[in-house]
Amino acid sequence: MNGDSGEKTQKSGQHQFQAEVTELLNLMVHSVYSETDVFLRELISNASDACDKVRYEAIANPSLLAGDDKLAIRLRPDATAKTLTIADNGIGMDRQELIDNLGTLARSGTKAFLKGLKDAKDGLGLIGQFGVGFYAAFMVADRIVVTSRRAGAAEAWTWTSQGGAGFEVAPAGKAEAARIGRGTEIVLHLKEEAARYLQPYEVERIVHTYSEHILFPIELIDEKGEARQVNAASALWQRPKTELKPEDYTQAYRSIAMAFDEPALTLHYKVEGRQAYAVLLFVPTQPPFDLADPGRKGRVKLYVRRVYITDDADLLPAYLRFVRGVVDSEDLPLNLSREMLQNNPQVRQIRNGLIGRIVSELESTANKDAEAYGKIWSAFGPILKEGLYEDHERRTQLLALARFATTAGETPRTLKDYVADLKLNQTEIYYLVGDSLDRLKANPKLEAARARGVEVLLLADPIDAFWTTLPQEFDGKPLKSLSQGDVDFGLIPRLDTEKKTEDKVKASDDASILEAVKGALGEKVADVKPSTRLTESASCLVAGAQGRDRELERLLARQNRGSAARPILELNMTHALVRFVGAAQKDGRFEDVQDLASLLLDQAHILDGEMPSDPAAFSKRLNNLVLRGMRPE
Ligand SMILES: Nc1ncnc2c1ncn2[C@@H]1O[C@H](COP(=O)(O)OP(=O)(O)O)[C@@H](O)[C@H]1O
Ligand SMILES: [Mg+2]
């Protein structure tokens, strides 16, 4: 870096916001979003995190708490100065931390959020669902002054900004430095239209709504300087269930998960014995924003004897990452490092216990209240299905929990439903993977199944291409793809017994047609075979029995992972177009054979939702054939 300009920046203390921050601030300042209350939730949550952090660091270094070990969050509205101050005696920030944390968008989720905000029409509604952290304060303040002293540091620093493009960081003034022994003070100079946050009762109301269950006391300071605690500040999960009302749980959920919705499921229990711990877990109603994060991290918070340790302890597998809440252990050591957590047998045991409880809670909800469960499944089914791939031990349980779209109607079906309705001689559970339900419903590979009234699972979630690569079975019936390997419906009777054209064709003709098409297509396909899955359409593409399903091939190819294997072209030997190949072959019209064969292949690609490999050649061939057909002989 150019030393000169760095020097200047340092001296003047001026800094630019990262571009994304400016963008976010713009959105916020010009927002017509009315639920600005969330700013307080965000700042209190940060203050609480800061208190958690200093308490955690003090385990190794107790002097950090010296002289001031009662951690608290203080809120002071000042009607005269038109300011609202949020102060904590938590970990604090040094100069560099002020620059980094309050100048960039640190959270990966925030970027995704910003994108969602811009893409969605009602994007502003998302602010509330997601919360935008510290920057939410600019919804209500046109000037913000943050003064902070990092625990153990000699000097304090002041960060000032009026939004816009930048902020300033300078050593704190004498009075401020003296006032702040440790931690952070945030002074919001409220906008005219946000003057209601100067009312103590308004501030108190918001605390009750969002921050009731923050573990540290939140004190409201009145004009006389007297403090009054306004939140419960109790570890709700330690209290007996009998004392708690549904509203208490909703409040706890919102404050723990930083959410706005109602919990769809609540699990609250204590485990005694070899390991003692309390559990308070929630399944949200709305999918949380970070579900799509590539890290696939869970967010369950680990406490040890009421001390917050981390939300990064892998207490749940990725396929349950939508579950939010708290686990509070009585036995784990406090000074557990993150690395030690990963391999800790006690943590593993807790994890196993949690998974078991969550899965059985889902099961009992599915049994008791199909509608409620249906909602959970539509919100989190695609995530839960990751378990079919990753959790071998619980695969059968998870399969039973799954709800599927099928060819049998509009209501989602269980595999139990499916098996109960098996056709005569049917021994397999059939499915078809694709990228859209509508396209799947129109897929010709369903024809033979349909002609026999055989139900087919229609799998249109991206994850479906993956878990189906593992051999799966339910109730002794293997799951079988209709676009892979051979399918034998032979023993399952057709619904319309008269229309038996399928068997009428001559085998010797068939062989020469297959040969001709294969010769014409050469390397483009791995093989050409007579189809047992088609009744109406002329052709389709399938994967070999050993190969990967075609949908997975396509997904991987889209991500440039691995080249697609050559597919097998299946022909409906009763179809007129296919019989034409035989006729053309006999008459020595080899150009027609070539065109027909290519057309059969291109059609099959199109029916799978793909482009023909050479669209121009495709339409030329089609035109040729049509013209030749129309020309009077
Ligand atoms: N009161 C505070 N005390 C210490 N650090 C803070 C405080 N407020 C904010 N920070 C720092 O600023 C960062 C950004 O805060 P925020 O925008 O709310 O995102 P998040 O809390 O999700 O990290 C925090 O991660 C933290 O490091
Ligand atoms: Mg925050």
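The figures that follow rest on heavy atoms only: side chains count, while hydrogens, waters and symmetry mates do not. In each ligand, atom 1 is the first atom listed, and ligand 1 is the first ligand listed.
Counting only heavy atoms from C-beta outward, the side chains of Leu280 and Tyr253 never approach each other to under 4.5 Å.
No side-chain N or O of Ser329 forms a donor-acceptor pair with one of Asp331 less than 3.5 Å apart.
Each of the following atoms of ligand 1 lies closer than 4.0 Å to a heavy atom of Gly133: 16 (P), 17 (O), 18 (O). Interface atoms of ligand 1 facing Ala50, defined by a heavy-atom separation under 4.0 Å, are 3 (N), 4 (C). Taking every heavy atom of Phe134 and a limit of under 4.0 angstrom, the matching atoms of ligand 1 come to 16 (P), 17 (O), 18 (O).
The shortest N/O to N/O separation between Asn101 and ligand 1 falls below 3.5 Å. Considering both main-chain and side-chain atoms, Asn46 comes within under 3.5 Å of ligand 1 through a nitrogen or oxygen pair. On a distance-only criterion, Glu42 and ligand 1 share no N/O pair closer than 3.5 Å.
Atom-to-atom distance recorded for Ile144:CD1 and Thr160:OG1 is 10.5 Å, nearest 0.5 angstrom.
Ion pairing between a basic and an acidic side chain is recognised when a charged N comes within 4.0 Å of a carboxylate O; Glu390 and Lys385 show no such pairing. Remark: Lys82 does not engage Asp142 in a salt bridge, criterion side-chain N to carboxylate O under 4.0 Å.
Counting heavy atoms under 4.0 Å from ligand 1, residue Ile186 does not touch it at all.
With sequence neighbours left out, Glu223 forms a salt bridge (Lys or Arg N to Asp or Glu O under 4.0 Å) with no residue at all.
Not one N, O or S atom of Ser45 sits under 2.8 Å from the Mg ion (ligand 2).
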Let me see the working for Ser211 and Ser255 under side-chain hydrogen bond (donor to acceptor under 3.5 Å, both in side chains), right down to the final yes or no.
-> CA-CA 5 Å; Ser211 312; Ser255 107; over 6 Å; no
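In this structure, Met93 counts as a contact residue of ligand 1, since one of its heavy atoms falls inside 4.0 Å of the ligand.
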